[in-house]
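Only heavy atoms go into these numbers, but all of them, side chains included; no hydrogens, no water, no symmetry mates. Positions are given from 1 along the sequence. Quantities reported herein were computed from a predicted structural model and do not represent experimental measurements.
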Amino acid sequence: MGFSDNKYVVLLLINLLLIVVGTFMETIAALLILFPILLKVAVAVDVDPIHFAVIAVLNLIIGLTTPPVGVCLFVASSIGKISIGAVSKAGLPFLLVSFLVLILVTLFPSLSLALPNLFID
């Protein structure tokens with residue numbers, strides 16, 4: 001909380017951290033280690049816990065498909081019997097769309113909270 005009290009700055013920093021972590025670390029391990037700590041930070045700047053969970057999972061999923069260690073790239077390369085470079089190049093448009101969705105979900109919480117609010121309210 002020493003960097004900023006602005007909700008969007010904190011979410012941007014958390015997004016950057018989780019994408020880097022998701023690139024080099026397994027998703028379940030990253031969630032178990034980082035989620036409790038980062039959730040307290042997010043709640044402190046008035047971010048809904050469900051919204052934060054969606055953001056965290058989206059970040060780690062993007063990390064799975066990002067070189068150099070993206071586990072999904074190795075799986076796709078093995079299944080398709082093509083190089084990691086070719087899979088990375090072919091997946092670039094999908095990665096860009098994933099970043100766009102991440103930005104939209106981060107900036108507009110109603111996108112990730114609409115369905116839960118139908119059942120909670």
Side-chain angles (χ1 to χ4, degrees):
M1 295 304 301
F3 287 105
S4 176
D5 290 336
N6 186 340
K7 170 172 141 173
Y8 297 106
V9 171
V10 171
L11 286 175
L12 173 69
L13 293 172
I14 289 173
N15 280 342
L16 294 173
L17 171 70
L18 287 176
I19 286 176
V20 170
V21 167
T23 301
F24 296 104
M25 192 173 189
E26 180 61 36
T27 303
I28 300 298
L31 281 174
L32 288 173
I33 294 169
L34 295 174
F35 192 81
I37 299 163
L38 294 176
L39 179 62
K40 290 184 188 298
V41 172
V43 168
V45 292
D46 200 31
V47 174
D48 187 271
I50 296 172
H51 179 227
F52 179 71
V54 171
I55 290 172
V57 170
L58 279 172
N59 274 297
L60 294 171
I61 288 171
I62 290 171
L64 280 173
T65 59
T66 320
V69 187
V71 176
C72 289
L73 294 176
F74 290 103
V75 172
S77 171
S78 176
I79 291 172
K81 296 179 179 47
I82 56 176
S83 70
I84 297 288
V87 171
S88 297
K89 187 176 176 183
L92 191 59
F94 298 102
L95 192 59
L96 293 175
V97 170
S98 296
F99 276 115
L100 177 66
V101 168
L102 175 64
I103 291 167
L104 290 173
V105 167
T106 301
L107 293 178
F108 303 106
S110 60
L111 292 174
S112 60
L113 295 175
L115 189 60
N117 286 338
L118 287 176
F119 294 107
I120 293 172
D121 290 339

Output for pair (Leu16 CG, Leu11 CG), nearest 0.5 Å, gives 11.0 Å
Interatomic distance, CG@Leu113 vs CG@Leu118, rounded to 0.5 Å, equals 11.0 Å
- Message: Assigning hydrophobic clusters by single linkage (Ile, Leu, Val, Met, Phe, Trp, Tyr; side-chain heavy-atom cutoff under 4.5 Å), is Val54 placed with Leu39?
- Response: yes
Here the gap from Ile33 atom CD1 to Leu38 atom CG, rounded to the nearest 0.5 Å, amounts to 11.5 Å
Rounded to the nearest 0.5 angstrom, the CG-CG distance for Leu18 and Leu34 is 6.5 Å
Query raised in the report: Heavy-atom distance under 4.5 Å between the side chains of Val41 and Val45, does that happen here?
Result: no
Please say yes or no: joined through hydrophobic side-chain contacts below 4.5 Å, possibly via intermediate residues, are Leu31 and Val47 part of one cluster? yes
For Val71 and Glu26, the nearest pair of non-hydrogen atoms, with its separation, is CG2-OE1, 4.5 Å
- [ ] Examine Leu73 and Met25 and state if one hydrophobic cluster contains both, with Ile, Leu, Val, Met, Phe, Trp and Tyr joined whenever side-chain heavy atoms are less than 4.5 Å apart.
- [x] no
Here the gap from Ile19 atom CD1 to Ile61 atom CD1, rounded to the nearest 0.5 Å, amounts to 11.5 Å
Throw together a table of side-chain donor-acceptor distances under 3.5 angstrom for residues 89-108, partners on residues two or more places apart or in other chains.
unit_1 : atom_1 : unit_2 : atom_2 : d
Ser98  : OG     : Phe94  : O      : 2.9
Thr106 : OG1    : Asn15  : ND2    : 3.2
Thr106 : OG1    : Leu102 : O      : 2.7

Heavy-atom closest pair (Gly22 atom, Leu60 atom, distance to 0.1 Å) is CA-CD2, 3.6 Å
Under a side-chain separation threshold of 4.5 Å, the hydrophobic residues clustered together with Ile37 are none
When every non-hydrogen atom of Pro49 is compared with those of Val43, the smallest separation belongs to CG-CG2, 4.2 Å
For Ile84 and Ser77 the tightest heavy-atom approach is CD1-CB, 3.6 Å
If you group Ile, Leu, Val, Met, Phe, Trp and Tyr by side-chain heavy-atom gaps below 4.5 Å, do Leu64 and Val20 land in one group?
no
**Request:** Could you tell me whether the side chain of Ser78 and the main chain of Phe74 form a donor-acceptor pair under 3.5 Å?
**Result:** no
One should read off an interatomic distance between Thr23 OG1 and Ile62 CD1, to the nearest 0.5 angstrom, of 9.5 Å
